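Report on one structure; see the data block that follows.
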Protein chains: 2
Amino acid sequence: MFTKPRSAVRLSSEDAIVQLADLFRLMGDPTRLRITLVCLDEPISVGEIAVCLMLSPSLVSHHLRLLKAARILRAERRGKQIFYSALDEHIRCVIDDMVAHVGEPLDIEEAD
Amino acid sequence: MFTKPRSAVRLSSEDAIVQLADLFRLMGDPTRLRITLVCLDEPISVGEIAVCLMLSPSLVSHHLRLLKAARILRAERRGKQIFYSALDEHIRCVIDDMVAHVGEPLDIEEAD
DNA sequence: GCAACATATGAACAGTTATTTGAATGTTGG
DNA sequence: CCAACATTCAAATAACTGTTCATATGTTGC
């Protein structure tokens with residue numbers, strides 16, 4: 001079936017694809033992506049995120065739970081507040097690559 | 001020395017975020033991600049994709065339209081058939097990064 | 001032109017998901 | 001323990017999305 005591994009991507013199992021798609025789906029919601037971006041800069045509390053993005057704390061918490069479960073963000077308690085930040089640097093890379101993709105000029109003639 | 005911008009990501013406008021989220025959302029469906037992965041290897045026709053992934057040609061076509069509109073894939077007609085392939089290399093990078101993220105061991109203690 | 005094949009389109013259904021609202025849990029300092 | 005604050009949970013609604021089916025468009029060779 002697949003014969004040409006030109007990339008590091010080698011996804012044999014169905015599970016791996018579903019898991020990967022899950023991560024993309026999570027970042028596919030504008031609200032969640034905004035939350036993720038804010039957390040990339042530095043650890044930030046739930047309340048701060050809510051104020052910063054003009055969202056209800058409840059909604060922010062809801063999304064944070066999903067992002068934490070997917071290991072995109074990590075939580076760290078400091079007193080009353082809980083600060084969230086990126087779990088590793090890969091997410092930043094993923095976003096940077098995608099931004100580069102968006103910025104790519106339409107140099108190739110397309111078959112529309 | 002300036003210290004803050006650790007990432008190339010600088011998304012001021014709402015539009016840019018929505019556009020970015022749109023790309024992630026598209027890759028967030030397992031079927032669409034599988035189609036994308038197959039197209040990364042080499043140009044492949046709609047029918048071949050359908051057979052290869054055991055999907056109806058109609059469904060494949062639906063997804064391809066979205067992927068093409070988002071400039072993730074490009075279409076090229078060869079006789080009766082239409083071959084699809086990745087529009088640029090960024091998508092491959094994005095997926096590779098995400099795979100690396102998944103493979104990341106749980107080295108950091110988490111606040112669950 | 002017509003038949004056969006390849007892909008695209010549109011409507012409709014089923015399942016999922018983001019958001020809101022209100023209450024509940026947990027933490028700190030007196 | 002109590003009050004005040006921060007976060008989380010749960011149920012309900014509204015909107016979206018993937019899939020299927022049937023039909024249409026487009027291409028090739030006779």
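Reminder, nothing fancy here: chain letters follow the sequence lines and each chain counts from 1. Predicted model, so just to flag it, every value in this text is computed and none were measured.
- Relative to the side chain of S61(B), the nucleotides dT19(C), dA8(C), dT28(C) differ in distance, and dA8(C) lies closest.
- Looking at R92(B), its side chain does come within 3.5 Å of a backbone N or O of L40(B) through a donor-acceptor pair.
- Under the 4.5 Å side-chain criterion, counting only non-hydrogen atoms from C-beta, I35(A) is not in contact with Y84(A).
- Between the side chain of R77(B) and the backbone N or O of G79(B) there is at least one donor-acceptor pair closer than 3.5 Å.
- Residues E76(B) and I82(B) have side chains not in contact (no heavy-atom distance under 4.5 Å, counting atoms from C-beta outward).
- Along DNA chain D, the stretch of nucleotides lying under 4.0 Å from any heavy atom of chain B spans, 5' to 3', dT17(D) to dT28(D).
- Among the atoms of the strands shown, none is found under 4.0 Å from any heavy atom of F83(B).
- Across all their heavy atoms, L26(A) and A70(A) have their closest contact at CD1-CB, 3.1 Å.
- Comparing dT28(C), dT20(C), dA18(C) by their nearest atom to the side chain of K80(A) picks out dT28(C).
- Summary for the helix from dG1(C)-dC30(D) to dG30(C)-dC1(D): the axes at its two ends, each from 5 pairs, differ by 40° when rounded to the nearest 10 degrees.
- When the nearest nucleotides of DNA chain C are assigned to L55(A) and R25(A) by heavy-atom distance, the more 5′-ward of the two goes with R25(A).
- Remark: side-chain polar atoms of T36(A) are paired, donor with acceptor, to backbone N or O of R32(A) under 3.5 angstrom.
- Not one side-chain nitrogen or oxygen of R65(B) sits closer than 4.0 Å to the OP1 or OP2 atom of dT7(C).
- One can place CG of L59(B) at 15 Å from C1' of dC13(C), the figure rounded to the nearest angstrom.
- Taking atom CD of E76(B) as the reference point, atom P of dA6(C) lies 18 Å away to the nearest angstrom.
- One can place CG of L26(A) at 8 Å from P of dA18(C), the figure rounded to the nearest angstrom.
- Across all strands shown, S58(A) has heavy atoms under 4.0 Å from base atoms, whether or not it also approaches the sugar-phosphate.
- Here dA8(C) presents its C1' atom at 15 Å from CG of L67(B), a figure rounded to the nearest Å.
- Between the side chain of H90(B) and the backbone N or O of I72(B), no donor-acceptor pair lies under 3.5 Å.
- Between Q81(B) atom CD and dT7(C) atom C1' the separation is 10 Å, expressed in whole Å.
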| request: Take E14(B) and R34(A) through the side-chain contact (heavy atoms from CB on, under 4.5 Å) test and state the conclusion after the steps. | output: CA-CA 9 Å; E14(B) 189 74 3; R34(A) 245 174 275 144; 2.9 Å; yes
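- Place P57(B) and H62(A) on DNA chain C by their nearest nucleotides, and P57(B) ends up nearer the 5' end.
- To the nearest 0.5 Å, the span separating CE on M98(B) from SG on C93(B) amounts to 13.5 Å.
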